[in-house]
Amino acid sequence: MTYSGLANWLRDRLWVGVVIGCVPWAVWIASLASGGWYKDSRDQLVGTDHLAFYHAARLIRDGESYRLYNYNELAETKYQQQLLGWDWDGFEAYRNPPFYALLYVPTAGLPYPVSFLIWTGIGFALLGLAVRLLTPERPGRAFLWALTFFPVFATVSFGQNTLISLAIFAGVYRLLRSERPFAAGLVAGLLWFKPQLLLGLFVWWAFEPRRYFRCWLGTGITGAFLATVSWTVIPEGSRAFVQTLAANAGFGGFGQWNVVNPKAFFVLLLPGFPQLHWPLAALCSLTSIVIAWRVKQKTGAPVTVMFPAAFFLSLWASPHALIYEWTLLVAAAVVLWETRPESQAVWLCLSALAWTGLSVTTALARVQDLQKFPVVLQVGVPVMAIVGWLAARELVRAPRAQL
C-alpha cells in the first residue's frame, strides 16, 4: 500500500485515535477522584515528579539549599513526607541545576496539591504557546491532537516539565525562521536546566558553524547568566550541585522500561552483555548524525528541515530520554506538516506509527519487566528508528526549491 492509500484509510479512522487518546486522561482523573485528588486509587502521589521541584524550592525558600543534593539525608529524615503531611512511601530526588528550582519558589509555600495544580495549568498554557509559535494553520486542532499523544499525558500526569522545554524549542524555531540567530541562541540557553536536550541543536549548528555562530554565542551567554544567578542567589546549592554532578549525570536508577532511547533498548534486550550497551548506543547515535548530515547536504539545510532533525537527535542521543521527553516530537510533527504540505500523506502515516508506538511501548515493556522475561523489548525504539529513517528519506526527495 502506498503512503497515499494508507493515509486515506487512516483519515476515515482518526476518531479512533481521539477515543484512545482520551482513555488515559479519563482513567487518571477517575483514579485521582477515588484517591482524594492528592493521590490516586493506588496511593500514588499526584504528579509525583513535581515533588522534586517543589521540595527543592522549599529548601531554597527556607535557606537550606545546601541540602538540595543530599538525597540520603532527605530520605532518612522523611523531609518530603513532612511537606506532604502524610507518610507517602517514596522519594523524588532533585537532579536539575539549582537555578531551575527558583521557578518553583513562588508556589513552594502552598500545599503540594495546589502547587501541582498551578504548574499543570502553566504546562497547558505553555503547550498552547508552543503551538502558536509553530504557526500551524489550525492551532486549536494541533493543540487538541497533542493532548491525545501519550507522552503529553505522561508529562502532565507525572508532574514533569517537558512542556517548558517544548515552548523553548518552539521559540527557538520561530526566531530562527525570522533570521534572528542570536536571540534564538539566548532562548535555547534556557534549556541548560536539561542540557541533554541541547544535543540536537549543537549537532545541527556544528554542521554550519559560521552560519550559526551567533546561536552558539547566545546559548553561552544565557548559560553564563544562569550560572551567575545560581552562584549569587544559591551559593551553597550551587556548590553542592558541582560536587554531585558526576553522580547525577550518570544516574540510571529509573526504570529502564520507561526510557525510550537506544541505550535503554540494549540494556533491556541484552542484560547479560553490559559491555555492549554503550558501544551499540553510540553506534546508533553516530548513525543518526550521519543521516542528519546527509539530509543537510541534500536539502540545503533550511530551518524547516534541520529543526525536526535536531529534535530527533536530541531525543535519540540523550541518555535520559524517558517517555515524557518524546512530547517534543509534537513540534517536529507540526513543522513538517505545515511546511511540507505536499508530503502530508507521508507525515500522517509516520505520525500514526509514532503515536501508536510511543503509546504502547512503556506499558508493554513494563509488563515484560513485571513478568520477569529474560529479555525485554522496548518496541518504541525500533519504531522511532523506522519513523526517523522514513522521514529523512522523504525530506531528501524534495528539490531544494520546494524547501
Side-chain angles (χ1 to χ4, degrees), residues 3 127 130-131 133-137 142 145-146 149 151-152 162 165-178 181 184 187-188 191 196-208 211-212 215 260-261 285 287-318 321 325-355 357-358 380 383-398 400 402-403:
Y3 279 124
L127 175 59
V131 170
L133 289 172
L134 296 168
T135 64
E137 183 178 351
W145 268 113
F149 191 35
V152 173
T162 313
S165 307
L166 178 65
I168 293 172
F169 268 114
V172 172
Y173 170 75
R174 184 69 171 267
L175 290 166
L176 286 175
R177 285 295 307 271
S178 302
V187 173
L191 289 169
Q196 67 268 24
L197 296 181
L198 287 166
L199 289 172
L201 292 176
F202 285 170
V203 170
W204 169 21
W205 298 342
F207 286 164
E208 299 180 273
R211 178 179 178 184
Y212 291 109
C215 289
V260 187
N261 64 9
S285 296
T287 301
S288 66
I289 293 173
V290 171
I291 293 172
W293 173 261
R294 181 171 179 267
V295 170
K296 177 254 180 188
Q297 293 293 89
K298 293 288 186 179
T299 63
V303 171
T304 55
V305 169
M306 298 308 298
F307 182 73
F311 263 107
F312 188 86
L313 288 174
S314 287
L315 295 168
W316 193 250
S318 169
E325 300 288 13
W326 286 90
T327 290
L328 301 177
L329 202 63
V330 169
V334 171
V335 169
L336 291 175
W337 183 268
E338 296 297 327
T339 61
R340 294 289 304 280
E342 73 281 359
S343 298
Q344 284 184 354
V346 178
W347 308 140
L348 178 57
C349 296
L350 296 185
S351 294
L353 179 57
W355 186 94
L358 292 174
V383 165
M384 293 314 303
I386 294 170
V387 169
W389 169 250
L390 294 177
R393 285 184 58 189
E394 182 63 22
L395 287 171
V396 300
R397 285 176 180 169
R400 294 189 182 191
Q402 294 184 16
L403 301 170

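Note that OG of S314 is 10.0 Å distant from CD of E325, once rounded to the nearest 0.5 Å. Expressed to the nearest 0.5 Å, how far CG of L197 lies from CG of L191 amounts to 6.0 Å. From L348, atom CG reaches atom OH of Y3 across 11.5 Å, with rounding to the nearest 0.5 Å. The structure places CZ of R393 at 11.0 Å from CD1 of I291, a figure rounded to the nearest 0.5 Å. Here CG of L313 is found 7.5 Å from CE of M306. Values are rounded to the nearest 0.5 Å. Atom CD in E394 sits 7.5 Å away from atom CD in E342 (nearest 0.5 Å).
Nearest approach of V172 to A184, heavy atoms of both residues: CG2-O, 3.7 Å. Of all the heavy atoms in P181 and L176, the pair that sits closest is CA-CD2, 4.0 Å. For T304 against V335, the heavy-atom pair with the smallest separation is O-CG1, 3.6 Å. Shortest non-hydrogen contact noted between W204 and F307 is CZ3-CA, 4.0 Å. Considering every non-hydrogen atom in both A333 and S351, the closest pair reads CB-OG, 4.4 Å. When all heavy atoms are compared, the tightest approach of M384 to A354 is SD-CB, 3.8 Å.
E338 places a side-chain N or O within 3.5 Å of a backbone atom of E137 that can act as its donor or acceptor partner. No donor-acceptor pair under 3.5 Å is formed between the side chain of T299 and the backbone N or O of V396. At distances below 3.5 Å, at least one donor-acceptor pair connects side-chain atoms of S288 with backbone N or O atoms of S285. Distance alone, capped at 3.5 Å, is enough to place a donor-acceptor pair between the W326 side chain and the V260 backbone. Checked by atom type and distance alone, the side chain of T327 pairs as donor or acceptor with a backbone atom of V152 at under 3.5 Å.
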(request) Using the side chain to side chain contact (heavy atoms under 4.5 Å, CB included) rule, take L358 and L329 through it: C-alpha gap first, then chi angles, then the decisive distance, then the call. (result) CA-CA 11 Å; L358 292 174; L329 202 63; 4.1 Å; yes
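Considering only heavy atoms from C-beta on, K296 comes within 4.5 Å of E208 through its side chain. Looking only at side-chain heavy atoms (C-beta outward), L336 and V346 stay at 4.5 Å or farther from each other. Looking at L201 and Y212, their side chains never come closer than 4.5 Å, going by heavy atoms from C-beta outward. Side-chain contact check for L127 versus L166: some heavy-atom pair is nearer than 4.5 Å. Residues N261 and L315 fail the side-chain proximity criterion, which asks for heavy atoms closer than 4.5 Å. With a 4.5 Å cut-off on side-chain heavy atoms, L133 and Y173 do not count as touching. With a 4.5 Å cut-off on side-chain heavy atoms, V131 and V334 do not count as touching.
R174 is linked by a side chain to side chain donor-acceptor pair (under 3.5 Å) to nothing, counting only residues two or more places apart in sequence or in another chain.
Within a 6.0 Å radius of CZ in R211, more than 12 heavy atoms belonging to other residues, nucleotides or ligands are found.
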